[in-house]
Amino acid sequence: MERTFLMVKPDGVQRGLIGEIVSRFEKKGFKLVNAKLMTVSRELAEKHYEELKDKPFFGELVDFITSSPVFAMIWEGDNVISTARTMMGKTNPADAAPGTIRADYAVSVGMNIIHGSDSPENAKREIDLWFNGETIVYDKAISKWI
Ligand code: RTP
Ligand code: MG
C-alpha cells in the first residue's frame, strides 16, 4: 500500500484549515497513519527542501516553514502520492484548478497551504525524515479499509 507525506504549512494552521484538509483526505478514502502538530527547526526545513537549495526563494521558504507550527501527516492508500498532488492543485494557486485545496484556499505561491511528496522516492525520504518511518497500525480495525 502506497504512503505519502503531507503537511499543512504555517498559513494553513494559522487560518484554521487543519480540519478541512484532513477531512478532504478522509472523505476521499485515504487512511491517516500518523500525524503531529510541531514547530520545525531550520535544520529539518533545509533537509526537507534540499532539492531547492539553489533557488532564489530558498531562504524565504525556510523562514516561512520555521515561522510557526505545521501539521505533519502520513497518509496511506492506492495511488495516494499522485492523487494527493491532484487534490492539492498546482504549486501556484493562481494556476490551480477550481476545487483543489490551493485554488480554494490560497492566492500566493509562497503561502500555498499544503505540502505533498512528489514521487515515491521523496515520499519515503520525507516519511523517514519527519516520522522516522513510523506509522500507526490499525490491527484491530473491523474491516479492510475502503
Ligand atoms: P511542495 O513541495 O511545498 O508540496 O510544493 P510543490 O512540490 O508544488 O513545489 P516545489 O517546486 O517543491 O516548491 C516548494 C515550495 O516552494 C515555494 N515556492 N515559491 N517564489 C516562488 O517562485 C516559489 N516557487 C515555489 C512554494 O511554497 C512551494 O510549495
Ligand atoms: Mg515539492
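Both ligands and their constituent atoms are indexed starting at 1 by order of listing. These numbers come from the heavy atoms of this one structure, side chains and all, not from hydrogens, waters or symmetry mates.
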[atom]: the protein heavy-atom neighbour that sits closest, reported with distance to 0.1 Å:
{"atom": "atom 2 (O) of ligand 1", "value": "H115 ND1, 2.9 Å"}
{"atom": "atom 21 (C) of ligand 1", "value": "F57 CD2, 3.5 Å"}
{"atom": "atom 3 (O) of ligand 1", "value": "K9 NZ, 2.8 Å"}
{"atom": "atom 26 (C) of ligand 1", "value": "V109 O, 3.1 Å"}
{"atom": "atom 15 (C) of ligand 1", "value": "L61 CD1, 3.9 Å"}

> Are S119 and I81 close enough that some pair of their side-chain heavy atoms sits under 4.5 Å apart?
Replying inline: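 A side-chain contact under 4.5 Å is absent here.
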> Are Q14 and M111 close enough that some pair of their side-chain heavy atoms sits under 4.5 Å apart?
Replying inline: no
For ligand 1, which atoms sit closer than 4.0 Å to a heavy atom of [X]?
{"X": "R102", "value": "1 (P), 3 (O), 4 (O), 5 (O), 8 (O), 29 (O)"}
{"X": "G116", "value": "4 (O)"}
{"X": "N112", "value": "26 (C), 27 (O), 28 (C), 29 (O)"}
{"X": "L52", "value": "12 (O), 13 (O), 14 (C)"}

> Between I113, L6, T91, D118, which one has a non-hydrogen atom sitting closest to atom 28 (C) of ligand 1?
Replying inline: T91
> Between F5 and H115, how do the two ring planes meet: parallel, tilted or perpendicular, split at 30° and 60°?
Replying inline: tilted
> At under 4.0 Å between heavy atoms, which part of R85 makes contact with ligand 1: side chain, backbone, both or neither?
Replying inline: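 Answer for R85: side chain.
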> When rounded to the nearest 0.5 angstrom, what distance separates CH2 in W130 from CE in M7?
Replying inline: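 Rounded to the nearest 0.5 Å, the CH2-CE separation comes out at 4.5 Å.
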>> Let me confirm one number: the CZ-OG distance from R125 to S117, rounded to the nearest 0.5 Å.
In response: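 That separation rounds to 8.5 Å.
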> Hey, would you say the F25 and W75 ring centroids sit under 6.0 Å apart?
Replying inline: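 Ring-ring flag for F25/W75: true, centres closer than 6.0 Å.
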> Taking the non-hydrogen atoms of Y49, is any one of them nearer than 4.0 angstrom to ligand 1?
Replying inline: yes
>> Surrounding CD of E60 (heavy atoms of other residues, nucleotides or ligands, distance under 6.0 Å), is the total greater than 12?
In response: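 12 or below, so no.
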> Does V80 offer a backbone N or O that forms a donor-acceptor pair with the side chain of E2 under 3.5 Å?
Replying inline: yes
